[in-house]
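In the text below, chain A, chain B and the rest are named by the order of the sequence lines, each starting its count at 1.
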Number of protein chains: 2
Amino acid sequence: MTAKRSGARSKRPRPTEFQPAPEPRGEPHLSLERPLSLERPLSLERIVATAVELLDARGIDGLTMRRLADRLGSGVMSLYWHVDDKDGVFDLALDSVLEYRGSPQMNGAEDWRVEIVHMLEDWRAGMLRHPWSVPLLSSRALGPNILSRLELLGRTLSRAGVADKDLNVAIWSLWNYVMGATITRTSFDLADSDKAATQQHHAHPGERYPTIQRSRLLFDDDWVGTFRKGLDLLLAGLAPGR
Amino acid sequence: MTAKRSGARSKRPRPTEFQPAPEPRGEPHLSLERPLSLERPLSLERIVATAVELLDARGIDGLTMRRLADRLGSGVMSLYWHVDDKDGVFDLALDSVLEYRGSPQMNGAEDWRVEIVHMLEDWRAGMLRHPWSVPLLSSRALGPNILSRLELLGRTLSRAGVADKDLNVAIWSLWNYVMGATITRTSFDLADSDKAATQQHHAHPGERYPTIQRSRLLFDDDWVGTFRKGLDLLLAGLAPGR
DNA sequence: AGTCGCATGGTACATTGTACGAGTCAATTG
DNA sequence: CAATTGACTCGTACAATGTACCATGCGACT
């Protein structure tokens, strides 16, 4: 009767979370050589990693279940044992890219500024390394790794002396700033690569947009500098201590 | 020989822009009653307006060319005379939603703060009214209406006394803040509507995320207040004058 | 041996975007 | 008047996609 898949499907091994090994019924085939299986066995990790590769290489529309299966050397439908549906692949890929490994030294006394800036810049860099993550991030719910970063942010700010009543504003302000900066940045990358559509505006910005033109807003490519300046400014406003 | 469509297609009437009426070869059929055409004639305006309706009603995946044509009472392929492709519809719909009609009074002497806050809040409100605009915004190039807002922002800041060398940082900081705040907000709306996927995290935030839990970060629904506080803070830091 | 649960994947189908080309009708030109 | 043109409409067809359904294989346990 080939037991209902809906049951099996809802029981995913571990969606990027780890669990304290509740004896999952004996380890499955970790024998010597792979017996006569054509390739390595499929796994959630392999699927997610390959999905990220594909997304990096071909963008958000470049990820199709067929292509993904091809790269994995498996049949298309095999993926569906490990994953609910395509949206699930997106969620997993997104979260996997947003993982934070922590700041290197963090012998923190007064280093909270450094730690916060490090985490936020690492986050921004991660998103820019995988530009497809930005639109995904704004259309899906927040995954565990995002929450972890929020938690770290809150904890650090709190340790730095931000009062509880100001904490939420502080967290969200920093958070929003980074999100926005990253989006803006990727928008510009897009605009550059597809000049055809926007040349009408970028070509004659002086006519309709004199101020933008004068400040060279659209051509200022010191993104990192601008990002840091705004961030410092925010931090200065948020945190009392010098 | 039914002239090549590629020629006709590139000649769109006016893509939300206006042009000084270069005599487009005599006005086409603005006769009395519609002769025996089944419905009103198709037009770019109607297409865009209906697309926005559809997007509002069914979300980003709810917009299909067939459904759009159905709502317009036309054949699917008729759309393609007015629009390049589906992405074109997205671009047009997005830009149409982001138009700014200006602040009401603006008898500005010291009112520059009011004007900026008004424009930014209007922008935020517009995006929240059409949540599909957020992911679109972060995956497409900036349209004319966005540039107009940037221009207005820059001009107002400049008039308020922000030095040219600080202008870019000021513009981008405000911009990024609003973008980020809006994204965050829509993420939460998503998370609320699809508790199933995230309940594991939202249900037990205290275990893994004690600080978030303590500050009730995820349950603080005074979005407007938090938004305003952060914005005021930014403005205070950016503009010297009190 | 048989049974069960994990895991793979082939086939099939509905839905999508859109290329192609034929059709309609009004204005223009002969 | 007839012929032409060019703006506009739309039916058909096709390729690409997500995924439901089902058959199969394999290792472990009884």
Going by the side-chain contact (heavy atoms from CB on, under 4.5 Å) test, name the single residue among A:Val134, A:Leu137, A:Val178 that passes it with A:Ile183. A:Val134
Does a nitrogen or oxygen in the side chain of B:Ser78 sit under 4.0 Å from OP1 or OP2 of D:dC10? yes
How many Å lie between CZ on A:Arg58 and C1' on D:dA16, as a whole number? 13 Å
With a non-hydrogen cut-off below 4.0 angstrom, is B:Leu79 in contact with a base, only sugar-phosphate, or nothing? nothing
What is the separation between atom OH on B:Tyr80 and atom P on C:dG21, rounded to the nearest whole Å? 17 Å
Without decimals, in angstroms, what is the distance between B:Asp87 CG and C:dT16 P? 17 Å
If you compare all heavy atoms of A:Tyr177 against all heavy atoms of A:Phe227, which two are closest, and at what distance to 0.1 Å? OH-O, 3.0 Å
Rounded to whole Å, the CH2-P distance (B:Trp81 to D:dT9) equals 8 Å
note: A:Met65, atom CE; C:dA14, atom P; distance rounded to Å ~ 21 Å
Between C:dG17 atom C1' and B:Leu54 atom CG, what is the distance in whole Å? 16 Å
Per A:Met77 side chain, nearest of listed nucleotides C:dT18, C:dT16, C:dG9: C:dG9
Quickly work out the A:Ile47 CD1 to C:dT8 P distance and round it to whole Å. 8 Å
Could you pull out the closest heavy-atom pair between B:Ile146 and B:Asp95, with the gap in Å? N-OD1, 4.3 Å
For the residue pair A:Arg140 and A:Phe90, would you count it as a cation-pi contact if the rule is NZ or CZ under 6.0 angstrom from the ring centre and within 45 degrees of the ring axis? no
Of the nucleotides D:dG18, D:dT9, C:dA7, which one has an atom closest to the side chain of A:His82? C:dA7
Whole angstrom is fine here: how far is it from CG in A:Asp84 over to C1' in D:dA20? 14 Å
Side chain of B:Arg67 - closest among D:dC10, C:dG17, C:dT16: C:dT16
